[in-house]
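Order of the sequence lines fixes the chain letters, A, B, ..., with proteins taken first and strands second; residue numbering starts at 1 for each chain.
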Protein chains: 2
Amino acid sequence: MRVTTVPDPEDLTARARIRDAALWHFGEYGFERATIRGIAETAGVSLGLVRHHFGSKQALREACDAHLIKVIRRMHEQVASAPHGVPNPVAVMGPYQRYLGRALTEGWAAPLFDDMVGIGERWLAEADKSRPEPPTVDARARSTLIAAMALSVAVLEPHVSRGLGVDVRSPEGEATLLRAILDIYSHPLMSPEDAAAIRAAIDRGQATRAGG
Amino acid sequence: MRVTTVPDPEDLTARARIRDAALWHFGEYGFERATIRGIAETAGVSLGLVRHHFGSKQALREACDAHLIKVIRRMHEQVASAPHGVPNPVAVMGPYQRYLGRALTEGWAAPLFDDMVGIGERWLAEADKSRPEPPTVDARARSTLIAAMALSVAVLEPHVSRGLGVDVRSPEGEATLLRAILDIYSHPLMSPEDAAAIRAAIDRGQATRAGG
DNA sequence: GTGGGGGCTATACGTGGGTATAGTAAGCTC
DNA sequence: GAGCTTACTATACCCACGTATAGCCCCCAC
C-alpha cells in the first residue's frame with residue numbers, strides 16, 4: 001500500500017499556489033518570521049493578490065490549516081482502511097511535515113491531534129483484547145501519549161535526523177527511522193514489575209520527579 | 001529523591017530578573033511575538049537596560065538557552081546519579097517547560113537533546129545485556145527516538161493535557177501522565193513477529209508509507 | 001460595443017518594535 | 001575630588017511588514 005497525495009482540482013490556480021507557498025514559508029520560518037511578500041514572491045504573484053484572495057495573514061494561515069486537515073484526514077481514512085499499516089509519522093507528511101510540527105507546537109492543529117488519538121484509541125481497544133492482564137490506564141490516556149510519541153518525530157525532526165545521522169526525510173533515513181521504531185515498539189522499555197513498583201510509589205505519593 | 005531547582009547566586013540581580021522574564025515571555029509567546037518592551041516591563045526595568053545587559057534580542061535568547069542548559073544539565077547529573085528514577089519529562093521542567101518546547105521545535109537546544117540521547121544510550125547499553133536476542137538497531141538510534149518520545153510531552157503539552165483531560169502540570173495530571181507512561185513503557189505495542197515481518201518488507205523495499 | 005466583475009499589479013500608509021544615543025546617578029580607586 | 005566604570009533611564013530613529021487604495025486587463029453577457 002502506498003498512500004499518494006492526490007492534488008486538488010483547484011491546485012493549479014494562483015490561489016492554490018499562494019496557499020502552498022504559505023504552507024512552505026510558515027513551515028520553514030514560522031508564522032511571524034514568514035512575510036506575505038516572501039510568500040507572494042514564491043508563488044510568483046503580487047503582494048496585493050495574496051490579500052485579495054485571503055484577506056489577511058491570519059486568514060491565510062487558517063486556510064493553510066484547513067487544507068492540511070483535509071489532506072491528513074484523507075490519509076487517515078486510507079490508513080484506517082488498511083489494518084496493517086506501519087506507523088511512520090514523518091515520511092508520508094512530505095512537504096507538510098514542518099508546517100505540521102509548527103502548527104502542533106503553536107497549539108493549532110488540535111483537531112488533527114484528536115483525530116490521531118481517536119484512531120489510536122480504537123486500535124488499542126482491539127489490541128487490549130489479547131492482553132494478559134487488564135490495562136491500569138484507560139485507552140484514551142494511553143492513546144494520547146502514543147499519539148504524542150508518534151508525532152514527536154515530525155515535531156523534533158531536525159534533532160531526530162541529527163541523532164540518527166541521516167535525514168529522516170530521505171529514503172535511507174526513512175528506513176533507519178522505521179527500523180528503530182520497530183525495535184522500540186516491539187520491546188518494552190521497562191519490566192511490568194518495575195512499573196508496578198513505581199505505580200505503588202505514586203499511590204503512596206512518593207513518585208520521584210526526576211526527568212529523563 | 002526529589003530534584004530541586006536551586007536558584008543561582010546571581011538570581012537576585014536585575015540581569016537575572018530580565019533573563020527570567022525573557023524565559024517566560026519567549027516560552028509563552030514565542031521568540032517573535034515576545035517584545036523586549038514586554039520583557040523589560042515584567043522584569044521591572046527599562047527598555048534600555050535589557051539592551052545594556054544583553055546587547056540584542058537574539059543575544060538575550062542565547063543567554064536564556066545557556067541558562068536553561070545549565071539548569072537542565074544539573075538535573076541530568078542528579079538523574080544520572082540516581083539509577084531508578086522515573087522518566088517524567090514534564091513536571092520537573094517546571095517554569096521552563098514551555099520555553100524548552102519552543103526551543104526544541106525552533107531547532108535551538110540541540111545540546112540538550114543530544115545530552116538526553118547520550119544518557120539514554122548508556123542506559124540502553126546496560127539494558128541490552130539482559131535482552132534475549134541482540135537488538136537489530138544500534139543504541140544511539142534507539143536512544144534518539146526514545147529521547148524524542150520523552151520530550152514529546154513537553155513539546156505537545158497542550159494537546160497531551162487536553163487528551164488526558166487534566167493539566168499535566170498539576171499534581172493529578174502528573175500522576176495520570178506517569179501512569180500512562182508506565183503502562184506504555186512496560187507493554188510492547190507490537191509483537192516481535194509483526195516487527196520482523198515489517199522489517200523484512202523494508203529490506204525488500206516494500207515498506208508501507210502509511211502514517212498513523 | 002459597452003458595462004461589469006473578478007484576477008491581478010503598483011503604490012502608498014501607518015506603526016510596532018528592535019536598535020541606537022545621550023545622559024544621570026552611584027560606587028570605586030588613587 | 002577627579003576620573004573611571006557600571007547600572008540604569010528617557011528619548012529618538014528607522015525600517016520591515018501588515019494593511020489599505022486605486023486602477024488595469026481580460027473575459028463574458030447582452
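The interatomic distance linking Leu49(B) (CG) with dT24(C) (C1') rounds to 14 Å, in whole Å. Distance, Glu32(A) CD to dG18(C) C1': 15 Å, rounded to whole Å. Computed from coordinates, the Glu41(A) CD to dG18(D) P distance equals 14 Å when rounded to whole Å. One atom, NE2 of His52(B), and another, P of dA20(C), lie 15 Å apart when rounded to the nearest Å. As rounded to whole Å, 14 Å separates atom P of dG18(C) from atom OH of Tyr29(B). One can place CZ of Phe54(B) at 17 Å from P of dA20(C), the figure rounded to the nearest angstrom.
By the 30° and 60° cut-offs, the orientation of the rings of Tyr29(B) relative to Trp24(B) is perpendicular.
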Mind listing the side-chain donor-acceptor pairs of residues 142-155 of chain A below 3.5 Å, one per line with the distance, residues two or more places apart or on another chain?
from	atom 1	to	atom 2	distance (Å)
Arg142(A)	NE	Val137(A)	O	3.0
Arg142(A)	NH1	Asp128(A)	OD1	3.1
Arg142(A)	NH2	Asp128(A)	OD2	2.7
Arg142(A)	NH2	Val137(A)	O	3.4
Ser143(A)	OG	Val117(A)	O	2.6
Ser143(A)	OG	Glu121(A)	N	3.1
Thr144(A)	OG1	Arg140(A)	O	2.9
Ser152(A)	OG	Met149(A)	O	2.5

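Here Asp203(B) pairs with Arg179(A) in a salt bridge; the nearest charged N to carboxylate O distance falls below 4.0 Å.
Among all heavy-atom pairs drawn from Pro111(B) and Arg73(B), the shortest one is CB-NH2, 4.0 Å.
The shortest distance between side-chain heavy atoms of Met75(B) and Val71(B) falls below 4.5 Å.
Considering only side-chain N and O atoms, His53(A) lies under 4.0 angstrom from the phosphate OP1 or OP2 of dC8(C).
Which of dC8(C), dA20(C), dA7(D) sits closest to the side chain of Arg51(B) comes down to dA20(C).
Relative to the six-membered ring of Tyr99(B), Arg61(B) misses at least one condition, a distance below 6.0 Å or an angle of at most 45° to the axis.
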Are there any protein N/O atoms within less than 3.5 Å of an N/O atom in nucleotides 12-17 of chain D, and if so, which ones and at what distance?
none

